[in-house]
Amino acid sequence: MTALRDILLRQIATTGPMPVSDYMTTCLLHPEHGYYTTRDPLGRAGDFITAPEISQMFGELIGLCLAQSWIDQGQPSPFVLAELGPGRGTLMADILRTTAKVPGFSDAVQVHLVEASPTLRASQSKLIPNATWHDNIDTLPQLPLFLVANEFFDALPIRQFVRDGAGWRERVIGAEQNVLTFGLSGAAPLSDLAHRLDDTQDGDLVETCPALPGIMRQISTRIETFGGAALIIDYGDWHSLGDTLQALQDHQTIDPLHHPGDADLTSHVDFEAIAQHASPAAFTRVTPQGVFLERLGITERAKTLATPLSGQALENHIAAHHRLTHPEQMGHLFKVIGIFPTAATPPPGLET
Ligand code: SAH
């Protein structure tokens, strides 16, 4: 029995079944046993691999996109370059290397990282020694904000509700004979979900992300007030319907209740919810990652990088390009949405 399973079972015995969001928070961020608190889950040897870990081209193009937005908005100085959930720091390091060639950028930039995991903060500080770290987004400076979040929103805890007549039952996690099990709460009308009565039927499951509105308010208000742009990249789609809670261990999908604290827990991101909370700033259409990277010139960049390569290194490089852009790999499942000031032009690669 993992230490965390013990803690969860005791908590359920004391206070009763818990919402999926509480289960996710404990599994991912428990100070001693949480998944992100205790390890670096990224890379081939970890449980999953992300776009910046696949190829430097990802961070380079994100960097050029943000730098172009910064130029389009008159090169505000000073400004904040922020990342939510920077993992190993690879994406930010690639962004900074690329934007160092943009005149004036390095003199004006202040790097701010929002990261909950002490283990990952330690990795990030090796690559980005001059950053400032934050526990959450609220403490980011009140300055022009250029922000990226790759595979951050999918790690935020969600709640799940199953339609029952004109009301909802919450999917909860309880225990039967010391085994964690899913159950349903009593029926409750939920004003937050009133609009979902139109597009669901009895038995349908919808997901909400309680932290999302507050995070989006912080981003959008700064961008509209001071200028800036945000690129939010993740797997998911417009409009959430159905159970997307997923546990990954060693690159395999497993039962989300089987290895609490030892598996990554995520859900698909509902881009409609992100757009709904983008006000007072403007938002772009949701664009597939493959289309976005092609528009920013990934194929040209891939050709340049391929020139000195041969053999296995060349094959790996071609495979990485394919993996980031091909519709059957990350190109279609992953989406990008941009947030920008209502008076500005959208970030390159995205359209309204
Ligand atoms: N963006 C990185 C890592 C993605 S993994 C990449 O693309 O490789 C998710 C990241 O978000 C990790 O760094 C994790 O520690 C962080 N994270 C998860 N939940 C968080 C929270 N509630 N607050 C801050 N950081 C969080």
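Start at 1 with the first residue, then count along the sequence.
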Can a donor-acceptor pair be found, under 3.5 Å and without considering hydrogens, that links the side chain of [X] to the backbone of [Y]?
X: R5; Y: H258; value: yes
X: D234; Y: F153; value: yes
X: H277; Y: A273; value: yes
X: Q246; Y: L265; value: no
X: E351; Y: R285; value: no
X: Y23; Y: P256; value: yes
X: E151; Y: T50; value: no
X: R163; Y: V206; value: no
X: T37; Y: H33; value: no
X: S117; Y: Y36; value: yes

Can you say whether the rings of H268 and Y235 are parallel (under 30°), tilted (30 to 60°) or perpendicular (over 60°)? perpendicular
What is the ring orientation for F79 with F105, classed by angle as parallel under 30°, tilted 30 to 60°, or perpendicular over 60°?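 Perpendicular.
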Residue from L84, L120, D135 passing side chain to side chain contact (heavy atoms under 4.5 Å, CB included) with E115: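 In the set L84, L120, D135, the residue that makes a side chain to side chain contact (heavy atoms under 4.5 Å, CB included) with E115 is L120.
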Answer yes or no: does atom NE2 of H317 have more than 12 heavy-atom neighbours from other residues, nucleotides or ligands under 6.0 Å? yes
In the structure I gave you, are the side-chain heavy atoms of D264 and L28 within less than 4.5 Å of one another anywhere? yes
As an exercise, state the distance from CD of E83 to CG of L113, rounded to the nearest 0.5 Å.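 CG of L113 is found 6.5 Å from CD of E83.
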Please evaluate residues E224 and T342 with respect to the criterion side-chain hydrogen bond (donor to acceptor under 3.5 Å, both in side chains), reporting the C-alpha separation (whole Å), side-chain torsions for both, the decisive distance (0.1 Å), and the verdict. CA-CA 7 Å; E224 184 64 13; T342 44; 2.5 Å; yes
Please test E207 against T244 for side-chain hydrogen bond (donor to acceptor under 3.5 Å, both in side chains), starting from the C-alpha separation and ending with a verdict. CA-CA 8 Å; E207 298 176 335; T244 72; 2.7 Å; yes
Presence of salt bridge, D204 and R196, under 4.0 angstrom: no
For the pair T98 and E60, evaluate side-chain hydrogen bond (donor to acceptor under 3.5 Å, both in side chains) and give the outcome as yes or no after the intermediate values. CA-CA 6 Å; T98 306; E60 290 172 348; 4.8 Å; no
Criterion side chain to side chain donor-acceptor pair (under 3.5 Å) against Q160, the qualifying member of E170, R169, R171: R171
